[in-house]
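Below: the structure, in structure tokens.
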Amino acid sequence: MSVATYVVTRDQIILSALRKLTVVEPSDTASTIDASVVTNCAQALNLMIKQWMSEGIKLWTVQVYTLTLVASQTSYTIGPAGPDLVADKPLRLIQCVLRNNSVTPYIDIPMQVISKNEYMLLGSKFSTGFVNSVYLNPGLTSSVVQVFLTPDTNTATNYTLLMTVQRPLYDISSASDTPDFPNEWLNALVWGLADELAIEYGLPVNHRQELMLKAEKYRNQLMDWDVEYESTFFQPNSRMLQHYR
């Protein structure tokens, strides 16, 4: 017996979705479906996944990026082409610490993750000193991290920035690719794709509504389940309180 080894490929997801639409026979396989149909379905599947990236943080996409600081450098570009850090483009900055590498064991100092508005309200953004705040500006293919204060030589030499970020969901490009989802999400992918394709295949309204309800049910169940259960604490932002005073 196995627990977490069951996976399905891109074409298996497409075939299962088409069965939900009753446009293929139960005996059909991915190889017997017209190639243009598979191509269109693969496009719909990837577009749906791109949309899902905006619907909450997927826990398995949360990673820790280590950014090397450079003296007198305020902005750092992160993306597949770098140049400051070669990695998947971060979509969100969830948490950040400044790690003191000059001591053993390492000491992590929490950083304040701020919004663009807060960053723009800061005074001398290019003054050098000890970093205490971080702002992430997502772009099309890369994201830019702005730090405040700009690291001085001591900070750049002895500290690194550890950022907990949300990365994008990966594309499903080829027939044998498996989705960038835990296996508990596979059913939601199948029904979600069936819902996306329903209008294209001219299904009756009542059938489309049934598909939509099933797709929403499975996706919402997973969205509600895919969260951390630890307590969250809120406190006033002292920086902003001082600003408005």
Side-chain angles (χ1 to χ4, degrees), residues 1-63 80 88-92 94 138-141 165-229 232:
M1 295 179 65
S2 63
V3 176
T5 59
Y6 181 77
V7 295
V8 294
T9 65
R10 184 202 70 179
D11 282 7
Q12 288 173 327
I13 292 173
I14 291 173
L15 182 62
S16 184
L18 292 175
R19 286 201 301 266
K20 302 293 186 291
L21 299 174
T22 65
V23 296
V24 296
E25 297 296 329
S27 59
D28 281 337
T29 64
S31 61
T32 62
I33 303 173
D34 188 83
S36 62
V37 173
V38 175
T39 299
N40 292 337
C41 292
Q43 181 187 57
L45 177 61
N46 279 290
L47 288 173
M48 181 185 74
I49 290 173
K50 295 300 182 187
Q51 174 65 34
W52 284 11
M53 287 196 301
S54 67
E55 298 179 358
I57 294 176
K58 310 297 186 291
L59 292 183
W60 68 93
T61 66
V62 175
Q63 297 183 347
D88 296 318
K89 180 191 77 171
L91 301 176
R92 293 181 181 178
I94 303 168
L140 290 177
T141 59
V165 303
Q166 178 190 3
R167 64 160 175 82
L169 292 165
Y170 298 144
D171 299 335
I172 311 178
S173 302
S174 63
S176 59
D177 281 352
T178 56
D180 182 27
F181 285 81
N183 53 14
E184 60 266 19
W185 278 79
L186 299 180
N187 206 30
L189 284 169
V190 169
W191 282 96
L193 179 57
D195 180 40
E196 292 290 329
L197 296 172
I199 293 180
E200 292 186 36
Y201 281 93
L203 266 66
V205 173
N206 60 334
H207 194 172
R208 293 206 308 267
Q209 289 177 337
E210 184 179 0
L211 285 172
M212 180 185 67
L213 291 174
K214 293 276 282 188
E216 287 183 348
K217 171 186 173 183
Y218 288 128
R219 187 175 75 250
N220 290 337
Q221 284 178 344
L222 270 297
M223 293 293 294
D224 292 340
W225 177 84
D226 186 45
V227 294
E228 292 186 346
Y229 287 98
T232 300

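Note that the numbering runs from 1 along the sequence shown for the chain.
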Ile172 vs Leu45, side chain to side chain contact (heavy atoms under 4.5 Å, CB included): CA-CA, chis, key distance, verdict
CA-CA 8 Å; Ile172 311 178; Leu45 177 61; 3.9 Å; yes
When every non-hydrogen atom of Arg10 is compared with those of Ala42, the smallest separation belongs to NH1-CB, 3.8 Å
Do any N or O atoms from the side chain of Gln221 and from the backbone of Tyr218 form a donor-acceptor pair under 3.5 angstrom?
no
Flag for Asp34-Ser36: side-chain donor and acceptor within less than 3.5 Å:
yes
Candidates Val23, Thr22, Asp28 - the one meeting side chain to side chain contact (heavy atoms under 4.5 Å, CB included) with Glu25:
Asp28
Intermediate values then yes/no, salt bridge (Lys or Arg N to Asp or Glu O under 4.0 Å), Asp195 and Lys20:
CA-CA 9 Å; Asp195 180 40; Lys20 302 293 186 291; over 6 Å; no
Gln166 and Ile94 have their tightest heavy-atom pair at N-CD1, 4.2 Å
If we ignore hydrogens and angles and just use 3.5 Å, is the side chain of Lys214 paired with the main-chain N or O of Trp191 as donor and acceptor?
no
Take Asp171 and Lys50 through the test side chain to side chain contact (heavy atoms under 4.5 Å, CB included) and record every step on the way to the result.
CA-CA 8 Å; Asp171 299 335; Lys50 295 300 182 187; 2.6 Å; yes
Is it the case that over 12 heavy atoms from other parts of the model lie below 6.0 angstrom from the CD atom of Glu210?
no
Minimum heavy-atom distance between Pro168 and Leu91, given as atom pair plus value:
CA-CD1, 3.8 Å
Is the closest side-chain heavy-atom distance between Pro80 and Thr141 below 4.5 Å?
no
Identify which one of Asp88, Asp180, Asp177, Asn46 satisfies the side-chain hydrogen bond (donor to acceptor under 3.5 Å, both in side chains) criterion when paired with Tyr170.
Asp88
Quick check: does any side chain N or O of Ser16 sit under 3.5 Å from a backbone N or O of Gln12, one acting as donor and the other as acceptor?
no
With under 30° as parallel and over 60° as perpendicular, where do the rings of Phe181 and Trp60 fit, or are they tilted in between?
tilted
With no hydrogens and no angle check, is any side-chain donor or acceptor of Thr61 less than 3.5 Å from a backbone partner on Lys58?
yes
To the nearest 0.5 Å, how far apart are CG in Asn187 and CG in Leu222?
9.0 Å
With rounding to the nearest 0.5 angstrom, report the CE to CG distance, Met212 to Leu203.
13.0 Å
Worked verdict on Asn40 versus Val37 for side chain to side chain contact (heavy atoms under 4.5 Å, CB included):
CA-CA 5 Å; Asn40 292 337; Val37 173; 5.8 Å; no
Using only atom types and a distance under 3.5 Å, with no angle test, would you say the side chain of Arg92 pairs donor to acceptor with the backbone of Val165?
no
Give a yes or no on whether a salt bridge exists between Glu55 and Arg219, defined as a side-chain N under 4.0 angstrom from a carboxylate O.
yes
Is there a side chain to side chain contact (heavy atoms under 4.5 Å, CB included) between Leu197 and Leu18 once you walk through the steps?
CA-CA 8 Å; Leu197 296 172; Leu18 292 175; 4.2 Å; yes
Any side-chain heavy-atom pair of Leu193 and Ile13 under 4.5 Å:
yes
For residues Pro138 and Pro90, report the shortest heavy-atom separation together with the two atoms involved.
CB-O, 4.4 Å
Would you name the heavy atoms of Leu21 and Ala198 that are closest together and state the gap between them?
CD2-CA, 4.0 Å
The residue among Asn206, Val205, Leu211 that forms side chain to side chain contact (heavy atoms under 4.5 Å, CB included) with Arg208 is Val205
For Ile14 and Cys41, the nearest pair of non-hydrogen atoms, with its separation, is CG2-CB, 3.5 Å
